[in-house]
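Beneath this line is the structure, given in structure tokens, with notes to follow.
Worth saying up front: this structure is predicted, and the values here are computed from it rather than measured. We're numbering straight along the sequence, starting at 1.
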Amino acid sequence: MTLFKSHRPEYADGEQKRDFVYIKDVVDVMFLFSRRKDIRGIFNLGTGEAHTWNRLAKAIFSAMNRKCTIDYIDMPDDIRPKYQYFTQADMTKFKRLQLGFEFTSLEKSVNDYVQNYLMAENKYI
């Protein structure tokens, strides 16, 4: 796998962070909201926890039962000044609803997607 090198001293290569959320969780929340007419407004939706690109890569390799091999390449000059090294959804408003919704872990999400869709014999079922 190829990831961008970090061009900031406070982040090691591949340690840039994102709030990765599984699409199945997004759909489940949207379905839950559609059944609750008392919930209105605009909500951030993520897990509320940022993970590194390295962790995502390791989860992908693990789901494929392969050795983790990551190469780091320079980030293109034109995106370096704009690149976000950390993103994480502010889930305060969502949590105030006290819905008891649990987001799927990064590793479980990746494992499900890789094994049941990407590596499945019939990906469209």
Stepwise side-chain contact (heavy atoms from CB on, under 4.5 Å) test for V114 and M64
CA-CA 7 Å; V114 168; M64 295 171 56; 3.6 Å; yes
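- Between the K67 side chain and the S62 main chain, no donor and acceptor come within less than 3.5 Å of each other.
- Under 3.5 Å, the side chains of D112 and Y22 contain a donor-acceptor pair of N or O atoms.
- The neighbour count for E10 CD, taken as heavy atoms of other residues, nucleotides or ligands under 6.0 Å away, is above 12.
- In this structure, CD1 on I70 lies 9.0 Å from CD1 on I60, to the nearest 0.5 angstrom.
- At most 12 heavy atoms of other shown residues, nucleotides or ligands fall within 6.0 angstrom of atom NZ in K95.
- Atoms CE and CD, on M91 and E49 in that order, are 12.0 Å from each other to the nearest 0.5 Å.
- Between N54 and T52, the side chains place no donor N or O within less than 3.5 Å of an acceptor N or O (distance only, hydrogens not considered).
- Taking the six-membered ring where the residue is Trp, the centroids of W53 and F20 are separated by under 6.0 Å.
- A distance-only check finds a donor-acceptor pair linking the side chain of Y85 to the backbone of H7 [under 3.5 Å].
- For the pair R55 and F61, the cation-pi test (distance below 6.0 Å, angle within 45°) is failed.
- The shortest heavy-atom contact between L97 and I39 is CD1-CG2, 4.0 Å.
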Full working for side-chain contact (heavy atoms from CB on, under 4.5 Å) between L99 and V29:
CA-CA 10 Å; L99 300 171; V29 169; over 6 Å; no
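- No donor-acceptor distance shorter than 3.5 angstrom exists from the side chain of D19 to the backbone of A50, with no hydrogens or angles considered.
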Are D13 and S6 close enough, and set up right, to give a side chain to side chain donor-acceptor pair (under 3.5 Å), and what steps lead you there?
CA-CA 5 Å; D13 293 342; S6 173; 5.1 Å; no
Trace of the side-chain contact (heavy atoms from CB on, under 4.5 Å) decision for R18 with Q84:
CA-CA 9 Å; R18 294 285 184 277; Q84 294 179 302; 4.3 Å; yes
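- Here the CZ atom belonging to R66 is positioned 11.0 Å from the CE atom belonging to M1, to the nearest 0.5 angstrom.
- A distance-only check finds a donor-acceptor pair linking the side chain of S34 to the backbone of F31 [under 3.5 Å].
- Aromatic ring orientation, F4 versus Y83: perpendicular (interplanar angle above 60°, classes split at 30° and 60°).
- F101 and F103 have their aromatic ring centers within a separation under 6.0 angstrom.
- Between the CG atom in L56 and the CG atom in L3 there is a gap of 8.0 Å [rounded to 0.5 Å].
- A distance of 10.0 Å separates CG of D28 from CD1 of I23, quoted to the nearest 0.5 Å.
- For the residue pair D71/T2, the side-chain donor-acceptor check at 3.5 Å is not satisfied.
- Within a 6.0 Å sphere centred on CZ of F33, other residues, nucleotides and ligands contribute more than 12 heavy atoms.
- Here K58 does not pair with E107 in a salt bridge; the nearest charged N to carboxylate O distance is not below 4.0 Å.
- Checking K17, E15, Q16 one by one against F86, the side chain to side chain contact (heavy atoms under 4.5 Å, CB included) holds for a single residue, K17.
- A distance of 13.5 Å separates CE of M30 from CG of D25, quoted to the nearest 0.5 Å.
- Taking the six-membered ring where tryptophan is involved, the planes of F94 and F43 are perpendicular, since the angle between them exceeds 60° and thus also 30°.
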